[in-house]
Amino acid sequence: MLPDLRQPLVRQLAESEAPRRYWHLGDEDGRAWLFESVEGDGHEQWAIRQVLVGADRAARRYWWRHLQDEHGFLTDQPLEVWELAEITEQAFEAVWEASG
């Protein structure tokens, strides 16, 4: 397996002092995605942590130490924030901790 070249960049963003924002997206199949993001070059929001909650309610976490697995991966594109609902840090952290 080849090393994931995103890891150093995602880690750098995650360890930065940049302000964080938190987001939620759900779909009609009962799945949900939660993101913690920071602003990168070009004023785009980049996910540094992500939780995928499947229709079966199983939650999977992705971040720089676990970028992908057989179920999914940390998004590798800037977030399209106009499609997302902003949530509180506390709401994100509650789901992140519960999914660990």
Side-chain angles (χ1 to χ4, degrees):
M1 178 184 248
L2 295 173
D4 194 318
L5 300 177
R6 296 177 299 154
Q7 186 177 21
L9 176 59
V10 174
R11 182 178 182 179
Q12 180 183 7
L13 288 171
E15 292 178 348
S16 77
E17 296 296 322
R20 272 60 171 146
R21 294 178 73 182
Y22 302 89
W23 310 93
H24 172 267
L25 174 69
D27 71 10
E28 62 278 353
D29 294 327
R31 295 175 297 190
W33 293 263
L34 290 87
F35 305 95
E36 176 183 11
S37 70
V38 297
E39 189 174 298
D41 294 339
H43 305 290
E44 297 169 317
Q45 292 292 317
W46 289 90
I48 57 172
R49 291 194 295 166
Q50 173 181 321
V51 180
L52 164 61
V53 181
D56 61 358
R57 310 315 294 162
R60 294 170 177 85
R61 303 188 323 176
Y62 302 99
W63 58 309
W64 71 267
R65 288 187 185 213
H66 183 75
L67 291 171
Q68 64 185 25
D69 58 27
E70 64 274 7
H71 303 288
F73 58 92
L74 179 70
T75 184
D76 58 358
Q77 301 293 315
L79 297 175
E80 296 179 1
V81 296
W82 56 87
E83 295 180 351
L84 306 174
E86 196 156 6
I87 60 173
T88 66
E89 177 181 3
Q90 293 78 14
F92 177 88
E93 291 296 343
V95 176
W96 180 264
E97 291 302 318
S99 64

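Computed over heavy atoms, backbone and side chain alike; hydrogens, waters and symmetry mates excluded.
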Does atom CD of E44 have more than 12 heavy-atom neighbours from other groups under 6.0 Å away?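 Enclosed: over 12 neighbouring heavy atoms sit under 6.0 Å from CD of E44.
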
Quick check on H71: does its NE2 atom have over 12 non-hydrogen neighbours (other residues, nucleotides or ligands) under 6.0 Å away?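 Atom NE2 in H71 is packed in, count exceeds 12.
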
Are [Y] and [X] connected into the same hydrophobic cluster when the rule is that any two of I, L, V, M, F, W, Y join if their side-chain heavy atoms are below 4.5 Å apart?
X: Y62; Y: L34; value: yes
X: Y22; Y: L13; value: no
X: W96; Y: V53; value: yes
X: I48; Y: W63; value: no

What's the spacing between F35 CZ and Q45 CD if we round to 0.5 Å?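 The CD atom of Q45 is 12.0 Å from CZ of F35, to the nearest 0.5 Å.
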
Any chance you could measure L74, atom CG, to L52, atom CG, to the nearest 0.5 Å?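 It comes to 11.5 Å.
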
Whether R20 side chain and A14 backbone form a donor-acceptor pair below 3.5 Å: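 Side chain of R20 to backbone of A14, a donor-acceptor pair under 3.5 Å: yes, one is there.
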
Between V51, L84, L25, T75, which is the residue that forms a side chain to side chain contact (heavy atoms under 4.5 Å, CB included) with W33?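 It is L25; the other options fail the test.
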
Quick one: do Q50 and R61 satisfy side chain to side chain contact (heavy atoms under 4.5 Å, CB included)? Show the steps, please. CA-CA 6 Å; Q50 173 181 321; R61 303 188 323 176; over 6 Å; no

Counterpart residues, salt bridge (charged side-chain N to carboxylate O under 4.0 Å, His left out), relative to R49 (two or more places apart):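 Salt bridge (charged side-chain N to carboxylate O under 4.0 Å, His left out) list for R49, sorted by chain: E36, E93.
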
Check residues 85-92 and write down every donor-acceptor pair under 3.5 Å in which the side-chain atom is one partner and the other belongs to a residue at least two apart or another chain.
residue	atom	partner	partner atom	Å
E86	OE1	R21	NH2	2.9
E86	OE2	R21	NE	3.0
T88	OG1	A91	N	3.0

Kindly indicate whether the side chain of P78, heavy atoms from C-beta on, has any atom under 4.5 Å from the side chain of W46.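 A side-chain contact exists here, since the closest heavy-atom pair is under 4.5 Å.
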
Run the ring-ring contact (aromatic ring centres under 6.0 Å, His included) test against H24 and tell me which residues pass, sequence neighbours left out.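 With neighbours one apart ignored, the set is empty.
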
